[in-house]
2 protein chains.
Amino acid sequence: MADPIPCPFNESDIRRGIELIYFGYSHLTRMADQRLETQGLGRAHHRVLYFISRQPGLNVSELLRLLNVTKQSLSRVLGELTQRGLVELRTSAQDRRQRLLFLTPDGATLESALFGDLSSRLSAAYAEAGNESVPGFWAILTSLIAEEDRAMVQALDGG
Amino acid sequence: MADPIPCPFNESDIRRGIELIYFGYSHLTRMADQRLETQGLGRAHHRVLYFISRQPGLNVSELLRLLNVTKQSLSRVLGELTQRGLVELRTSAQDRRQRLLFLTPDGATLESALFGDLSSRLSAAYAEAGNESVPGFWAILTSLIAEEDRAMVQALDGG
DNA sequence: AAAAATAGGACAGTGATGTTGACGTATTAA
DNA sequence: TTAATACGTCAACATCACTGTCCTATTTTT
């Protein structure tokens with residue numbers, strides 16, 4: 001891959017990819033909206049719940065980096081979630097400056113339900129498109145992620 | 001497909017898909033942010049430019065439906081774009097109530113540059129993941145789109 | 001031991017983009 | 001002629017993100 005390879009794809013292939021990502025993301029994300037609204041929460045809250053569930057005990061900086069938002073932005077959402085008893089902050093034993101993030105049982109229950117909303121749609125898509133489509137799907141999306149963030153994303157799967 | 005098929009995917013496969021869509025979308029979308037900021041525009045403007053470019057002459061209702069936003073929301077963005085001389089509204093000859101949307105030459109130039117920002121990333125991802133990954137990628141994302149919207153999305157490719 | 005760096009938290013103001021409700025005009029369909 | 005439709009506007013509000021600033025406690029470096 002040292003040499004730039006002439007792009008074998010035409011504009012139409014690229015635009016199709018752009019559009020499908022836009023619509024695919026939009027449709028998937030919407031699956032949780034109803035439940036979130038019922039809970040008086042938004043998508044930002046969902047993302048926080050999701051990633052804490054994925055990596056229990058991650059610290060605030062790690063979550064900031066995962067979400068690619070500012071601490072003030074996260075602070076508002078996190079504050080609401082802890083106030084609501086869905087998230088718990090524990091001071092790290094290794095470094096007392098750090099706050100480690102955990103879901104409470106209520107938080108885990110909610111995240112699980114939200115996950116169910118998304119997963120019914122995504123697993124149906126996997127099934128409809130066929131097993132053999134999944135590795136390609138993963139590969140291209142992975143390749144869209146900037147190199148410096150790939151390890152972080154892949155570490156989600158390590159837990 | 002009449003019978004519900006036992007899901008062959010485990011939770012980990014599903015969560016991976018969710019995460020990759022989230023990060024993939026986020027990273028791709030960011031590619032245009034710098035240029036947008038330089039132009040004093042945002043992502044909502046970009047989406048409008050994109051879809052008008054894709055379907056010149058579409059009417060306001062069609063764009064509302066594509067973007068899945070309210071007319072008030074669109075109106076603000078569209079107003080800014082017409083004010084900026086990037087988009088042009090023409091009354092339809094067939095139905096004088098309708099406004100048909102076109103990019104101006106300046107609008108087309110900008111959209112083209114923005115497309116270049118996204119396409120360099122996406123075509124690199126196609127290349128990195130390999131040709132054989134692309135159909136699977138398309139298939140799964142297509143399957144994520146609700147049935148009632150698929151024709152609309154596929155019609156983008158018809159032009 | 002002291003200085004510097006770091007983690008997290010809070011305050012405050014602002015901006016982008018989305019929503020709801022309401023109202024109105026012109027045009028087309030019933 | 002009446003009803004429906006397309007679009008436009010006004011207004012207020014919500015979500016979620018940003019920047020700048022300041023502070024305390026803790027850890028690391030000098």
Side-chain angles (χ1 to χ4, degrees), chain A residues 22 25-26 29-30 32-52 57-84 87-102, chain B residues 22 25-26 29-30 32-52 57-84 87-102:
Chain A
Y22 169 74
Y25 175 79
S26 173
T29 302
R30 272 183 233 168
D33 281 356
Q34 179 89 290
R35 190 181 303 276
L36 286 169
E37 188 179 347
T38 299
Q39 292 289 328
L41 300 173
R43 291 184 181 178
H45 300 91
H46 184 189
R47 289 194 289 270
V48 170
L49 290 172
Y50 183 93
F51 287 114
I52 297 178
L58 89 168
N59 65 42
V60 172
S61 293
E62 285 166 339
L63 186 54
L64 286 173
R65 213 174 142 236
L66 266 179
L67 294 170
N68 191 37
V69 295
T70 61
K71 69 176 161 172
Q72 293 90 336
S73 187
L74 175 59
S75 177
R76 181 179 48 79
V77 173
L78 206 42
E80 282 159 14
L81 291 173
T82 53
Q83 183 80 314
R84 288 277 302 270
V87 168
E88 185 183 356
L89 281 72
R90 297 183 201 155
T91 301
S92 164
Q94 273 71 47
D95 181 339
R96 299 188 51 73
R97 298 175 300 183
Q98 298 196 337
R99 299 294 175 271
L100 306 183
L101 305 167
F102 297 89
Chain B
Y22 168 74
Y25 175 78
S26 173
T29 301
R30 273 184 231 167
D33 282 356
Q34 178 88 291
R35 191 182 301 275
L36 285 169
E37 188 178 347
T38 299
Q39 292 290 328
L41 301 172
R43 291 184 179 177
H45 300 90
H46 184 190
R47 289 194 288 270
V48 170
L49 290 172
Y50 183 92
F51 287 116
I52 297 178
L58 88 168
N59 65 42
V60 171
S61 293
E62 285 166 337
L63 186 55
L64 286 173
R65 214 176 139 233
L66 266 178
L67 294 171
N68 191 38
V69 295
T70 61
K71 71 177 160 168
Q72 292 89 334
S73 186
L74 175 60
S75 176
R76 180 184 27 239
V77 173
L78 205 42
E80 283 160 12
L81 291 173
T82 54
Q83 183 81 312
R84 289 277 303 269
V87 167
E88 185 183 354
L89 282 71
R90 298 182 200 155
T91 300
S92 163
Q94 275 69 49
D95 182 337
R96 299 187 51 73
R97 298 174 299 182
Q98 297 194 342
R99 300 294 176 269
L100 306 183
L101 306 166
F102 297 89

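Heavy-atom basis, side chains included; hydrogens, waters and symmetry copies ignored. The sequence lines fix the lettering, A, B, ..., with proteins before strands; numbering per chain opens at 1.
Going from atom CD1 of A:Ile52 over to atom CD of A:Glu88 covers 10.5 Å, rounded to the nearest 0.5 Å. In this structure, A:Leu63 CG and A:Lys71 NZ are separated by 14.5 Å, a value rounded to the nearest 0.5 Å. The CG atom of A:Leu74 sits 10.5 Å away from atom CG of A:Leu66, with the distance rounded to the nearest 0.5 Å. Of the inter-residue distances, the one linking B:Arg99 atom CZ with B:Asn59 atom CG reads 10.5 Å to the nearest 0.5 angstrom. Taking CG of B:Leu81 as the start and CG of B:Leu49 as the end, the distance is 5.0 Å to the nearest 0.5 Å. With rounding to the nearest 0.5 angstrom, the CG atom of A:Leu58 is 12.0 Å from the CZ atom of A:Arg65.
With hydrogens and angles ignored, the 3.5 Å screen pairs no side-chain donor or acceptor of A:Arg84 with any backbone N or O of A:Leu41. The main-chain N or O of A:Gln34 is never found under 3.5 Å from a side-chain atom of A:Glu37 such that the two would form a donor-acceptor pair. The main-chain N or O of A:Val77 is never found under 3.5 Å from a side-chain atom of A:Glu80 such that the two would form a donor-acceptor pair.
Scanning for ring pair (Phe, Tyr, Trp, His ring centres under 6.0 Å) contacts around B:Phe51 gives A:Tyr22, A:Phe23, with sequence neighbours left out. With sequence neighbours left out, the side-chain contact (heavy atoms from CB on, under 4.5 Å) criterion links A:Arg43 to A:Thr29, A:Arg30, A:Asp33, A:Leu36, A:Arg47.
With the nearest nucleotide of DNA chain D identified for both A:Gln94 and A:Leu74, A:Leu74 has the one nearer the 5' end. The nearest heavy atom of DNA chain C to B:Ala44 and to B:Arg96 marks one nucleotide each, and the one closer to the 5' end goes with B:Ala44.
First and last contacting nucleotides of DNA chain C toward chain B (any atom under 4.0 angstrom from a heavy atom, 5' to 3' order): C:dT17 to C:dT28.
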| remark: Whether each nucleotide of nucleotides 5-10 of chain D has a protein heavy atom under 4.0 Å at its base (B), only at its sugar-phosphate (S) or at neither (-) is summarised, 5' to 3', as BSBBBB
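Over its length, the helix from C:dA1-D:dT30 to C:dA30-D:dT1 turns its helix axis by 30°, as judged from the five terminal pairs at each end, rounded to 10°.
Residues of residues 32-42 of chain A having a heavy atom closer than 4.0 Å to DNA chain C: none are found.
Look at B:Arg43 and you won't find any side-chain N or O under 4.0 angstrom from OP1 or OP2 of D:dC16.
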| message | Show, in sequence, the C-alpha distance, side-chain angles and deciding distance for A:Leu89 and A:Leu100, and conclude whether the side chain to side chain contact (heavy atoms under 4.5 Å, CB included) test is met. | response | CA-CA 6 Å; A:Leu89 281 72; A:Leu100 306 183; over 6 Å; no
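Between the NE2 atom of A:His46 and the P atom of D:dT15 there is a distance of 17 Å, rounded to whole Å.
In this structure, B:Leu78 and B:Leu101 have side chains that are in contact, with non-hydrogen atoms separated by less than 4.5 Å.
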